[in-house]
Amino acid sequence: MLHYELIIPNSGIAKSIDISIFSMPVLDSRMYMIPCNLSDDNSNKHELLIIDPCLWDEADEGAIRQICKKADHATVLVTHSHYDHIAGVNKLREFVPLTLYATDLCDKKMQDAHKNLAAYSMALVMDKTEERQRYCEQYFDFNYSCKADEIYDESIWINLSGCSYAASSGTDAFAARTQATVSDADSYLYEDQDSLYVRTIYTPGHSDCSQCIELHYAPAASCKDKTIETSLLAVFTGDSLVNGHDVITRFPSGSKKVFRETAEPYLMSLPDDLVIFPGHGDPALFGEIKDYSII
C-alpha cells in the first residue's frame with residue numbers, strides 16, 4: 001500500500017486528501033481509495049471514493065477493510081472494463097455498501113468474462129516468470145464478472161456529498177472542466193460545506209469504453225446561479241496514460257486512430273503540473289509522463 005497526500009490549493013486553510021493506493025500483484029494495476037469527508041463535523045456522511053477496484057495482495061486486506069469500515073458508503077468508478085481494473089468489485093461489496101457507476105457499454109463488458117478479458121487474463125502475464133504465472137493461475141478468476149448499479153451516458157458529474165447528476169459533455173469534452181450546472185433541488189448541498197466531485201471524460205483508444213476520471217474541489221458557497229465553480233485537483237487516467245511504459249491500443253476494441261482523435265487531445269489539454277494517477281505505475285505530474293507514446 002502507498003499513500004499520496006494531495007494538497008488542495010486555495011482552500012483558505014491548509015487541507016489535503018489522503019489517497020491510499022493498492023497494487024494488483026504481478027500486473028501492478030492500481031486501485032485508489034479516497035475518503036471524501038472534508039469537514040471536521042463527525043455527523044457528516046462519510047463517503048469513500050474507489051477508482052479501479054483491482055485484486056489486492058493478501059497483506060493489504062486488513063488496511064482495505066479498515067478504510068471501508070470508516071465509510072458509510074462508497075462511490076465506485078472504473079476507467080474501463082478490463083479484468084485487472086474491475087476484479088475487486090464483488091469482494092468490496094462484502095466490506096462496504098457501494099454504488100458502482102458505469103456507462104452502458106462498460107457495464108455490458110463487465111458482465112461477460114470474455115469481453116472484460118478475464119477469460120484471457122493469463123495472456124497478460126506470458127512475459128512473466130514461471131513462478132508468477134503459476135501464482136496468477138491460482139489467483140485469477142477466469143469467469144469473473146460484475147455489474148453496475150447505476151448507468152449513465154457519456155459523462156457524469158458526481159457530488160461526493162451524496163448527490164449525482166448527469167452532465168452532457170457536448171462537442172468539447174473538456175472545455176467546461178471547472179463548471180457544472182446544478183438544479184435548485186441540489187443547490188443546498190453546496191452552501192455550507194466544502195465538497196469533492198468526480199467527472200468522467202470519455203477517452204477511447206486503449207478500449208472502446210475507456211474514460212478518464214477528474215477529481216474536483218469546490219469550497220463552501222461556491223454554487224451561484226445554478227453553476228458550481230470547481231478546481232481540478234487530479235486526473236485518474238486508467239490505461240489511457242500509464243507511468244513506465246507506452247499506452248497499449250492493440251487489445252480487442254482498442255484503436256490507435258481513435259486514441260489519437262479522442263483521448264490524446266484531452267490528455268494534451270491538461271497542465272503539466274497536474275497530478276496524474278495512472279492505471280499502472282506511481283502517481284506523477286502530467287509533464288513527467290505525457291511523452292509515453294502508443295504501441
Side-chain angles (χ1 to χ4, degrees), residues 22 24-33 48-56 61 64 68 73-125 136-158 164-167 169 198-213 236-240 242 248-255 258-259 262-263 279-280:
F22 297 90
M24 181 173 178
V26 182
L27 293 176
D28 192 33
S29 310
R30 298 298 178 101
M31 172 170 66
Y32 300 96
M33 305 186 78
L48 177 65
L49 172 63
I50 304 174
I51 294 177
D52 281 0
C54 64
L55 293 174
W56 52 81
E61 180 150 331
I64 292 171
C68 291
H73 176 265
T75 293
V76 180
L77 290 166
V78 296
T79 58
H80 59 298
S81 64
H82 288 167
Y83 171 65
D84 58 317
H85 294 267
I86 66 172
V89 170
N90 296 337
K91 187 67 174 178
L92 285 170
R93 290 189 188 278
E94 301 174 14
F95 299 169
V96 63
L98 64 83
T99 302
L100 171 58
Y101 293 84
T103 62
D104 185 59
L105 176 60
C106 184
D107 183 47
K108 285 183 170 62
K109 291 182 173 236
M110 291 193 298
Q111 294 184 54
D112 187 315
H114 290 85
K115 292 180 179 179
N116 68 37
L117 305 187
Y120 313 110
S121 52
M122 284 302 298
L124 300 176
V125 298
C136 292
E137 286 176 348
Q138 297 179 343
Y139 191 75
F140 289 172
D141 179 354
F142 304 107
N143 296 308
Y144 183 84
S145 67
C146 62
K147 181 175 175 56
D149 303 294
E150 296 287 344
I151 302 297
Y152 62 89
D153 292 327
E154 188 171 294
S155 181
I156 191 171
W157 279 90
I158 300 177
S164 65
Y165 51 96
S169 62
V198 282
R199 181 195 184 198
T200 64
I201 302 293
Y202 183 49
T203 53
H206 173 71
S207 75
D208 60 359
C209 67
S210 289
Q211 61 180 6
C212 290
I213 299 169
F236 299 80
T237 58
D239 289 355
S240 295
V242 298
I248 296 174
T249 58
R250 64 175 180 265
F251 288 147
S253 85
S255 167
V258 171
F259 184 93
T262 307
H280 302 259

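What you see is a predicted model; the values in this text were computed from it and never measured.
- At a threshold of 4.5 Å between non-hydrogen side-chain atoms, the residues K115 and K108 do not count as touching.
- Taking the six-membered ring where tryptophan is involved, the planes of H85 and H80 are tilted, since the angle between them lies from 30° to 60°.
- Partners of E61 under the salt bridge (charged side-chain N to carboxylate O under 4.0 Å, His left out) rule, at least two apart in sequence or in another chain, are R65.
- For the pair L77 and V198, the minimum side-chain heavy-atom distance is below 4.5 Å.
- Residues meeting the side chain to side chain donor-acceptor pair (under 3.5 Å) test with Q138, sequence neighbours left out: none.
- Remark: K91 pairs with E94 by the side chain to side chain donor-acceptor pair (under 3.5 Å) rule, at least two apart or across chains.
- At least one side-chain heavy atom of I64 sits less than 4.5 Å from a side-chain heavy atom of L92.
- Using a 4.0 Å cut-off between a side-chain N of Lys or Arg and a carboxylate O of Asp or Glu, K109 and D107 do not qualify as a salt bridge.
- Scored by the ring pair (Phe, Tyr, Trp, His ring centres under 6.0 Å) test, Y32 finds F236, F277 as partners (sequence neighbours excluded).
- Test T200, T99, T75 against I158 for side-chain contact (heavy atoms from CB on, under 4.5 Å) and you get one pass: T75.
- Although no hydrogens or angles enter the test, the distance criterion places a donor-acceptor pair under 3.5 Å between the side chain of Q211 and the main chain of V78.
- Between the side chain of T262 and the main chain of P204, no donor-acceptor pair closer than 3.5 Å is present.
- The structure places SG of C136 at 6.0 Å from CG of L27, a figure rounded to the nearest 0.5 Å.
- Every residue meeting the ring pair (Phe, Tyr, Trp, His ring centres under 6.0 Å) condition with Y144, not counting sequence neighbours, appears here in chain and number order: Y83.
- Between W56 and F95, the ring-plane angle classifies as tilted under the 30° and 60° cut-offs.
- With rounding to the nearest 0.5 Å, the separation of OG1 in T203 from CD1 in I213 is 9.0 Å.
- Looking at residues two or more places apart in sequence or on another chain, you find a ring pair (Phe, Tyr, Trp, His ring centres under 6.0 Å) between Y139 and Y135.
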